[in-house]
*Asks:* 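I have a structure here, written as structure tokens, and I will follow up with some questions on it.
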Amino acid sequence: MVVPMETEEMEQVTDGFALFTDRSVVAMRVNGELKDLATTVTETDTVEPVTIDSPDGLNILRHSTAHVLAQAVQAVNPEAKLGIGPPVTDGFYYDFDVETPFTPEDLKALDKEMSRIVRAGQRFIRRVVTDDEARAELAAEPYKLELIGLKGGAAEGGAVPGDAGESVEVGAGELTIYDNVDPKSGETVWKDLCRGPHLPNTRMIGNGWALMRVAAAYWRGSEKNPQLQRIYGTAWPTKDELRAYQHRLEEAAKRDHRKLGAELDLFSFPDEIGSGLAVFHPKGGIVRAEIENYLRDQLVSHDYELVNSPHITKGSLFETSGHLQWYKEGMFPAMHLDEEIDGEGNVTKQGQDYYLKPMNCPFHNLIFRARGRSYRELPLRLAEFGTVYRYEKSGTLSGLTRVRGLTQDDAHIYVTDEQVKDELKRQLEFVFETLRGYGLDDFYLELSTKDPDKYVGSDEQWEVATETLREVGMESGLDLVPDPGGAAFYGPKISVQARDAIGRTWQLSTVQLDFNQPERFELEYTASDGTKKQPIMIHRALLGSIERFFAILLEHYAGAFPLWLAPVQVIGIPVADEYAPYLGAIVAQLKGSGVRAQIDGSDDRMQKKIRNATTSKIPVQLIAGETDRAAETVSFRFRDGTQENGVPVAEAIERIRAAIADHRMVATQGDL
RNA sequence: GCCGGCUUGGCGCAAUUGGUAGCGCACCGCUCUUGUAAAGCGGUGGUUGCGGGUUCGAGUCCCGCAGCCGGCUCCA
């Protein structure tokens with residue numbers, strides 16, 4: 001929301017240039033709508049300034065920069081056809097249909113041309129046109145012509161249906177073209193179909209922008225359409241802000257889990273195994289085990305039952321669940337087993353199709369169904385770390401966050417109608433509590449509702465379920481963001497989004513209602529009045545997949561895990577070989593009490609050992625030499641280089657154990 | 001799956017216009033080791049992702065494949 005800096009009393013017709021002399025004002029809101037400063041207003045209008053550093057102002061800056069990019073592209077290559085060029089988070093893009101894709105050299109040339117256009121100070125002039133005029137002027141721009149056609153269908157005051165940025169070009173109501181006018185000659189040097197608003201002139205773009213990368217993108221976001229070449233850029237009010245943004249990107253790159261995974265020897269993706277299939281090395285394996293152990297403890301202490309199921313199954317199970325109908329292309333192909341063929345090639349015994357499981361829920365349904373169930377057992381909470389396999393498209397695979405083999409911490413909770421709401425509330429609380437234990441504590445919620453093109457069940461079921469989720473979400477006190485059409489086909493879901501240490505958000509836990517599977521599996525329980533009733537099923541994944549959660553924690557902590565998660569928690573560094581036995585005894589005591597402690601027995605000198613321990617992000621270095629041995633003490637050195645000397649051995653061990661138990665971050669003196 | 005880029009010893013990088021594949025770290029060996037981020041010397045290791053082709057000669061050029069990266073589409 002833009003807070004009015006000043007609301008002018010107007011006596012007559014004027015415009016934004018006259019109203020706002022502050023140069024940081026780049027546009028204005030007239031009666032709530034964004035307009036160019038050149039728009040004329042009267043005394044009955046409510047006018048608010050839009051500064052360049054406000055969210056609206058940044059969007060305008062970025063959109064105007066996108067126009068300059070498009071102009072530069074057509075200056076370099078007049079054959080390029082224009083797609084769309086909206087602002088996006090931190091920047092903008094513009095799509096082009098060109099004969100040959102852009103190269104890095106092309107970007108350099110475009111960068112130069114853009115600088116020239118910015119310096120020229122071309123004015124953005126808005127001009128209302130009729131559909132026919134627009135068609136005539138843009139006859140050489142087939143994609144723009146398509147957008148003009150779409151405009152007719154646009155809802156009142158809203159965006160183009162299925163909007164993927166097109167609304168930047170054509171809004172509802174009148175159609176407008178922006179002319180780029182050279183201030184010296186008064187000539188129109190370029191023009192583009194655009195809803196606006198824009199900066200008053202290109203000079204205001206300044207030098208806080210950069211072209212980032214090229215990529216292909218389907219026209220209007222559909223695989224069925226041709227691919228256009230997309231250029232991404234970023235734009236900021238000042239060069240300093242651009243540099244700060246670039247610095248943020250570098251910082252994020254430093255904590256990339258793929259990089260840290262190799263550096264810290266946590267996991268790898270051997271080509272020999274196949275794309276999207278990871279192996280965890282010893283150091284990654286122990287972190288993973290700690291992640292799971294903590295969650296398992298939480299499950300047991302919160303009334304879950306631990307179950308287990310196999311990795312493959314006959315296809316009929318996934319026919320019952322519906323997965324083979326809905327997601328077959330995302331499953332590994334069937335293994336056709338047990339077929340027998342005689343000498344003539346005739347099938348003498350019918351075979352069976354087995355599939356790697358892409359989901360755990362059907363198995364849990366079978367466990368529910370394994371015997372008669374009483375209402376007294378509900379809510380029944382079945383949980384499993386279930387490894388599933390999904391045939392993700394090759395281009396979508398990415399590190400540990402998008403893989404083909406993953407372990408879900410998957411729980412299915414069977415409840416009566418009356419229990420749904422309380423159970424959902426309980427689930428959310430459980431999720432928050434558990435995530436905090438991992439060191440994540442900044443959350444918001446997202447409510448994913450029905451995709452009108454892909455759902456089963458009655459509208460009423462969906463409405464009731466969605467409303468219940470909404471109420472529970474609202475009662476949590478967290479922000480609840482709508483995600484229309486984001487639900488799976490079988491029911492709405494509420495998901496917990498967590499912000500990490502550098503402000504990025506990740507979708508973590510999901511709590512999803514399902515009224516489809518209980519029906520398909522004919523699940524039932526005996527109610528208190530002796531009648532058979534169908535339970536409602538809640539899918540609850542807390543971490544999502546262990547692999548992805550591992551990646552998120554690794555990036556959140558930039559590899560510097562809290563003590564309980566660190567692969568090596570304590571390393572003993574003797575000042576000289578002579579003190580190795582003394583330290584070794586202490587390390588042995590630590591190991592005996594369950595601490596992952598080692599002694600550095602290499603023939604490196606002490607300083608090198610300290611360096612090695614520090615670069616591998618071990619939280620606690622235990623150092624001992626003559627002084628410590630004589631006093632029966634040890635010295636702590638922490639990740640940041642701070643130290644605490646002469647700590648009595650028994651106290652040191654106890655302090656380490658306590659910090660592990662408390663899931664404490666130990667990074668500096670005073671943390672332990 | 002689609003578009004583009006990339007691929008040199010475990011890791012990070014070098015190799016003038018095609019002309020005998022190098023460096024640092026890691027690893028191994030020897031000598032050294034006394035208080036908080038790199039001791040010294042020596043050594044092993046690559047048919048330059050794989051398969052074809054052009055050439056007297058290919059890490060350098062061309063084609064195909066694989067893997068990875070950035071996007072798009074998808075994500076139960």
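Lettering follows sequence order; numbering is per chain, from 1. Just so it is clear, the structure is predicted and the values come from calculations on it, not from any experiment.
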*Asks:* Looking at every strand, decide which applies to A/Arg213 at a 4.0 Å heavy-atom threshold: base, sugar-phosphate, or nothing.
*Replies:* sugar-phosphate
*Asks:* Report yes if at least one side-chain N or O of A/Ser275 is closer than 4.0 Å to OP1 or OP2 of B/G67; otherwise report no.
*Replies:* yes
*Asks:* Between A/Ile84 and A/Pro86, is there a side-chain heavy-atom distance shorter than 4.5 Å?
*Replies:* yes
*Asks:* Below 4.5 Å, heavy atoms only, C-beta onward: do A/Leu424 and A/Val511 meet side chain to side chain?
*Replies:* yes
*Asks:* Regarding B/C3, can its base be found pairing with the side chain of A/Arg230 as donor and acceptor, where the two atoms are less than 3.5 Å apart?
*Replies:* no
*Asks:* Answer whether the closest heavy-atom distance between the side chains of A/Asp671 and A/Leu563 falls below 4.5 Å.
*Replies:* no
*Asks:* Should A/Ser394 be listed as having a side-chain N or O under 4.0 Å from OP1 or OP2 of B/G1?
*Replies:* yes
*Asks:* Does NZ or CZ of A/Arg230 come closer than 6.0 Å to the centre of the six-membered ring of A/Tyr93, within 45° of the ring's axis?
*Replies:* yes
*Asks:* Verify the contact: side-chain N or O of A/Tyr232 to OP1 or OP2 of B/G4, cut-off strictly under 4.0 Å; return yes or no.
*Replies:* no
*Asks:* When all nucleic acid strands are considered with a 4.0 Å heavy-atom cut-off, which category describes A/Gly641: base, sugar-phosphate, or nothing?
*Replies:* nothing
*Asks:* Rounding to the closest angstrom, what is the interatomic distance between B/G45 and B/G24 at atom C1'?
*Replies:* 15 Å
*Asks:* Under 4.0 Å, counting only non-hydrogen atoms across every strand here, what does A/Asp577 touch: a base, just sugar-phosphate, or nothing?
*Replies:* base
*Asks:* With a 4.0 Å cut-off on heavy atoms, is A/Tyr490 in touch with a base, just the backbone sugar-phosphate, or nothing at all?
*Replies:* sugar-phosphate
*Asks:* Assign A/Ala262 to base, sugar-phosphate, or nothing according to its heavy-atom contacts below 4.0 angstrom with the strands shown.
*Replies:* nothing
*Asks:* Need one value for A/Ser321: base, sugar-phosphate or nothing, where a base atom within 4.0 Å counts as base even if backbone is also close, heavy atoms only.
*Replies:* nothing
*Asks:* Could you tell me whether A/Ala217 contacts a base, only the sugar-phosphate backbone, or nothing, with contacts defined as non-hydrogen atoms closer than 4.0 Å?
*Replies:* sugar-phosphate
*Asks:* Within the 4.0 Å limit for protein heavy atoms, which parts of nucleotides 24-29 of chain B are touched? Write it as a string from 5' to 3', B for base, S for sugar-phosphate only, - for none.
*Replies:* --S---
*Asks:* Whether A/Arg258 contacts B/C69 is assessed here as follows: a side-chain N or O lying under 4.0 Å from the phosphate OP1 or OP2. Is that the case?
*Replies:* yes
*Asks:* Just wondering, more than 12 heavy atoms not from A/Lys81 lying within 6.0 Å of its NZ?
*Replies:* yes
*Asks:* Is it true that A/Lys450 and A/Asp459 make a salt bridge, defined as a side-chain N closer than 4.0 Å to a carboxylate O?
*Replies:* yes
*Asks:* For A/Gln607, answer base if it contacts any base atom (sugar-phosphate contacts may also be present), sugar-phosphate if it contacts only those atoms, and nothing otherwise; contact means non-hydrogen atoms under 4.0 Å.
*Replies:* sugar-phosphate
*Asks:* Along nucleotides 40-48 of chain B, 5' to 3', which nucleotides get a B, which get an S, and which get a -, given that the test is a protein heavy-atom distance under 4.0 Å?
*Replies:* ---------
*Asks:* Have a look at A/Pro358 and say if it touches a base, only the backbone sugar-phosphate, or nothing, with a 4.0 Å heavy-atom cut-off.
*Replies:* base
*Asks:* Could you run through RNA chain B and flag its stems, i.e. three or more consecutive Watson-Crick or G-U pairs with both distances under 3.5 Å?
*Replies:* B:1-7 with B:66-72, B:10-13 with B:22-25, B:27-31 with B:39-43, B:49-53 with B:61-65
*Asks:* Do A/Thr234 and A/Asp90 have side-chain N/O donor and acceptor atoms under 3.5 Å apart?
*Replies:* no
*Asks:* Is any side-chain heavy atom of A/Tyr355 less than 4.5 Å from a side-chain heavy atom of A/Phe332?
*Replies:* no
*Asks:* For a quick check of understanding: with a heavy-atom distance under 4.0 Å over all strands, which category does A/Gln229 fall into, base, sugar-phosphate or nothing?
*Replies:* sugar-phosphate
*Asks:* Would you kindly give the CG-to-P distance between A/Asp256 and B/C69, to the nearest whole Å?
*Replies:* 9 Å
*Asks:* Closer than 4.0 Å, any side-chain N/O of A/Arg637 to the OP1 or OP2 of B/A37?
*Replies:* yes
*Asks:* If you measure only the distance, is there a donor-acceptor pair under 3.5 Å linking the side chains of A/Thr449 and A/Thr466?
*Replies:* no
*Asks:* Is the phosphate of B/C75, meaning OP1 or OP2, less than 4.0 Å from a side-chain N or O of A/Lys454?
*Replies:* yes
*Asks:* Is a side-chain donor-acceptor pair under 3.5 Å present for A/Gln517 with A/Asn365?
*Replies:* yes
*Asks:* Any ion pair linking A/Arg655 and A/Glu651 (charged N to carboxylate O, less than 4.0 Å)?
*Replies:* yes
